[in-house]
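First up is the structure itself, then whatever we jot down about it.
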Amino acid sequence: MRLSRYFLPILKETPKEAEIVSHRLMLRAGMVRQQSAGIYSWLPLGLRVLRKIERIVEEEQARAGAVQLLMPTIQPADLWRESGRYDAYGKEMLRITDRHERDMLFGPTNEEMITDIFRSSVRSYKDLPLNLYHIQWKFRDEVRPRFGVMRGREFLMKDAYSFDIDKESARHAYNRMFVSYLRTFERMGLQAIPMKADTGPIGGDMSHEFIILASTGESEVFLDKALLDLDTPAADTDFFADLSPIVEAWTTPYAATDEMHDETAFGAIAEDRRVSARGIEVGHIFYFGTKYSDAMNAKVATSEGTEVPVHMGSYGIGVSRLLGALIEAHHDDDGIIWPASVAPFHVGLVNLKAGDALTDGACEDLYAKLEAAGIEVLYDDTDGRAGAKFATMDLIGLPFQVVGGPRGLKDGLFEVKDRATGEKEMLSPEATLNKLVAALTA
RNA sequence: CGGGGUAUAGCGCAGCCUGGUAGCGCAUCUGGUUUGGGACCAGAGGGUCGCAAGUUCGAAUCUUGCUGCCCCGACCA
């Protein structure tokens, strides 16, 4: 992509409404624009990251056996009257009346609707297990939206719903999502720790929040250092084998958010392994049994021919929130530092003297070769000044910057800078291409 | 929903106390000089001063009401 034809509205100054670093950087880097409290337009750069995150989520959901569909944002109130939540939900639910005076709502979640889809089509245990998910915009009319996209009213969420014949099968479904989440966040360059969450009226041990560690995180968390050294399950993990050893390995060491914190249990850990840090919740999984299948009459036939309500679980990932969480975890004073897997572009190619035959020729040539190699390049072909170009590249945080200027190119060399480490080296076009291909194409 | 702020050009701000018809920096446009870490000079365009009443000869400025947005708390993906 040529910067001269792109839309990248950089801000030199920080809009005063932005308090936390991710919000500031997202506004300054031209990723989002606030339209109302907690409601954002996604500008091209931000949208690219959102799509990268979605793609990773989709790949890992597929690996774990979840099947994607898409439900609407607007739902009929009647479904929610069936479950009893239409009255229970409160003012966080945005209620809408259509032209026929029918009660509608902008969905804050989709348990009712997915249960409706399920019950209309699935009748037999032979169709189970089933896990259906979608990635869709939700709306919760928070009293106080804040922290930019981390606490928006409108937000993009992946929500999966599992259906099983009994609680034991539901546990397997739960474990599949558990393992899938470990992989999903790891691929985004995030260290996510599963922490036991409040199970409410359902009880049991099947509810976990996935918390990423970031020094600017919203809540305090406590954990055993052992968790930081665990290996993420491999891509070839058999999700339909017994996953409980993996889940056990990740749930045995102590880890808790401040609301679930047990000072005594934490104190029992060896002192040098106690970690207290700050975290951001990016995922939440839980089993809720037959709560909705009972209320909405979603039954399946067992092998004995009897009918039982289906056991369900739901599994959320805050996709738009992850943008903020990623930046909280990966930035410095100059701007964002994107992990390559979610970076809006892989490489920022800077032509320091646009219009000059030498730099134009060398940059155009490298640009074409990088793109041909499957590397996503933002090519700054504008005639701005060097300092401003460097500052912009540092701000938007692409993993690599390649600088083509008259000084280096008279010797045939580009300067390649690693955004994360700040390391720079002068390389020939061939060496530049090889280095970037090696670093960015797995 | 309680508490506290704030609203003046695209962004960041001053002006308000003590009413006299709006200004600064950045950004934008034009011309010139520059050119490897957010250049310089000269000129130009751009504002219903959040909205509505009121006081006054006169309101960005004083009064009242409303609204938007932000922060702290309670709540939450």
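Convention: sequence-line order gives letters A, B, ...; per-chain numbering from 1.
Straight-line distance between the C1' atoms of B:rC72 and B:rU55: roughly 37 Å, to the nearest whole Å. When the P atom is used for both B:rG25 and B:rA14, the distance is 15 Å, rounded to whole Å. B:rG50 and B:rU6: their P atoms are spaced 13 Å apart (whole Å). Annotation: B:rG5 and B:rA9 have their P atoms spaced 23 Å apart (nearest Å). Between B:rU34 and B:rG68, the two C1' atoms lie 44 Å apart (nearest whole Å).
With a cut-off of 3.5 Å on both pairing distances, B:rA59 has no Watson-Crick or G-U wobble partner at all. Applying the Watson-Crick and G-U wobble criteria (two distances, each under 3.5 Å), B:rU33 pairs with B:rA39. Under the Watson-Crick and G-U wobble criteria, each requiring two contacts below 3.5 Å, nucleotide B:rA14 is left unpaired.
Taking the ring centroids of A:Tyr254 and A:His261, they lie under the 6.0 Å cut-off. Aromatic ring centres of A:Tyr174 and A:Tyr287 lie farther apart than the 6.0 Å criterion allows. A ring-centre distance under 6.0 Å is not found for A:Tyr292 and A:Phe118.
In this structure, the CD atom of A:Gln34 is 16 Å from the C1' atom of B:rG10, given to the nearest Å. Regarding A:Glu13, its CD atom lies at a distance of 6 Å from the C1' atom of B:rC11, rounded to whole Å. As rounded to whole Å, 13 Å separates atom P of B:rC70 from atom CD of A:Glu142. Atom pair A:Arg419:CZ and B:rG37:P shows a separation of 17 Å (rounding to whole Å applied). B:rA77 atom C1' lies 16 Å from atom CD1 of A:Ile39, rounded to whole Å. Taking atom CD on A:Glu259 and atom C1' on B:rC75, their separation rounds to 11 Å, with Å as the unit.
At a cut-off of 3.5 angstrom, the base of B:rC69 holds no donor-acceptor pair with the side chain of A:Arg146. For B:rC76, its base sits under 3.5 Å from the side chain of A:Arg151 at one donor and acceptor pair at least. With hydrogens and angles ignored, a donor-acceptor pair closer than 3.5 Å exists between the side chain of A:Arg28 and the base of B:rG38.
Counting only heavy atoms from C-beta on, A:Lys16 has its side chain closest to B:rU8 among B:rU8, B:rG37, B:rA74. For A:Thr392, taking side-chain heavy atoms from C-beta onward, the closest of the listed nucleotides B:rA77, B:rG38, B:rC11 is B:rG38. Relative to the side chain of A:Leu352, the nucleotides B:rC69, B:rA74, B:rG36 differ in distance, and B:rG36 lies closest. Picking from B:rG36, B:rC70, B:rA77 the nucleotide with the shortest atom distance to the side chain of A:Glu281 gives B:rA77. Side-chain proximity of A:Ala391 to B:rC70, B:rC75, B:rG38: nearest is B:rG38. The nucleotide whose nearest atom lies closest to any side-chain atom of A:Arg407 is, among B:rC76, B:rG36, B:rC69, B:rG36. Comparing B:rA77, B:rC1, B:rG36 by their nearest atom to the side chain of A:Met157 picks out B:rA77. Residue A:Arg140 has its side chain nearest to B:rC76 when only B:rG38, B:rC76, B:rG37 are considered. Among B:rC71, B:rG36, B:rG38, the nucleotide with an atom closest to any side-chain atom of A:Ala386 is B:rG36. Side-chain atoms of A:Arg144 lie closest to B:rG73 of the nucleotides B:rA39, B:rG73, B:rC11.
In this structure, A:Pro108 reaches neither bases nor backbone, as no heavy-atom distance under 4.0 Å exists between it and the strands shown. Residue contacts shown for A:Gly316 are absent, as no nucleic acid heavy atom lies under 4.0 Å away. Among the protein residues, A:Lys158 comes within range of no part of the nucleic acid, since none of its heavy atoms lies under 4.0 Å from any strand. If you check every strand for non-hydrogen atoms under 4.0 Å, A:Asp159 touches nothing. At a threshold of 4.0 angstrom between heavy atoms, the contacts of A:Gly152 include nucleobase atoms, whether or not backbone atoms are also involved. As judged by a 4.0 angstrom heavy-atom cut-off over every strand, A:Gly283 is placed among residues making no nucleic acid contact. Using a 4.0 Å heavy-atom distance criterion, A:Lys91 is classed as a sugar-phosphate-only contact.
Annotation: of the two residues near RNA chain B, A:Gly387 and A:Glu209, the 5′-most nearest-nucleotide partner is A:Gly387. The 5' end of RNA chain B is approached more closely, in terms of each residue's nearest nucleotide, by A:Lys12 than by the other of A:His284 and A:Lys12.
Taking the ring centre of A:Phe345 as origin, the terminal cationic atom of A:Arg48 falls inside the region bounded by 6.0 Å and 45° from the ring axis. A cation-pi geometry, defined here as NZ or CZ lying under 6.0 Å from the six-membered ring centre and within 45° of its normal, does not hold between A:Arg321 and A:Phe147.
Stacking of A:Phe155 onto the six-membered ring of B:rA77 is present: less than 5.5 angstrom between centres, less than 30° between planes.
Residue A:Ser36 places at least one side-chain N or O closer than 4.0 Å to OP1 or OP2 of B:rC69. The phosphate of B:rG38 (OP1 or OP2) has no side-chain N or O of A:Arg385 nearer than 4.0 angstrom.
When atom types are taken as modelled, the side chain of A:Glu415 and the backbone of A:Gln401 share no donor-acceptor pair closer than 3.5 angstrom.
Summarising the local packing, CD of A:Gln35 is surrounded by more than 12 heavy atoms from other residues, nucleotides or ligands at distances under 6.0 Å.
In summary, the side chains of A:Ser207 and A:His284 do present a donor paired with an acceptor at a separation below 3.5 Å, with no hydrogens or angles considered.
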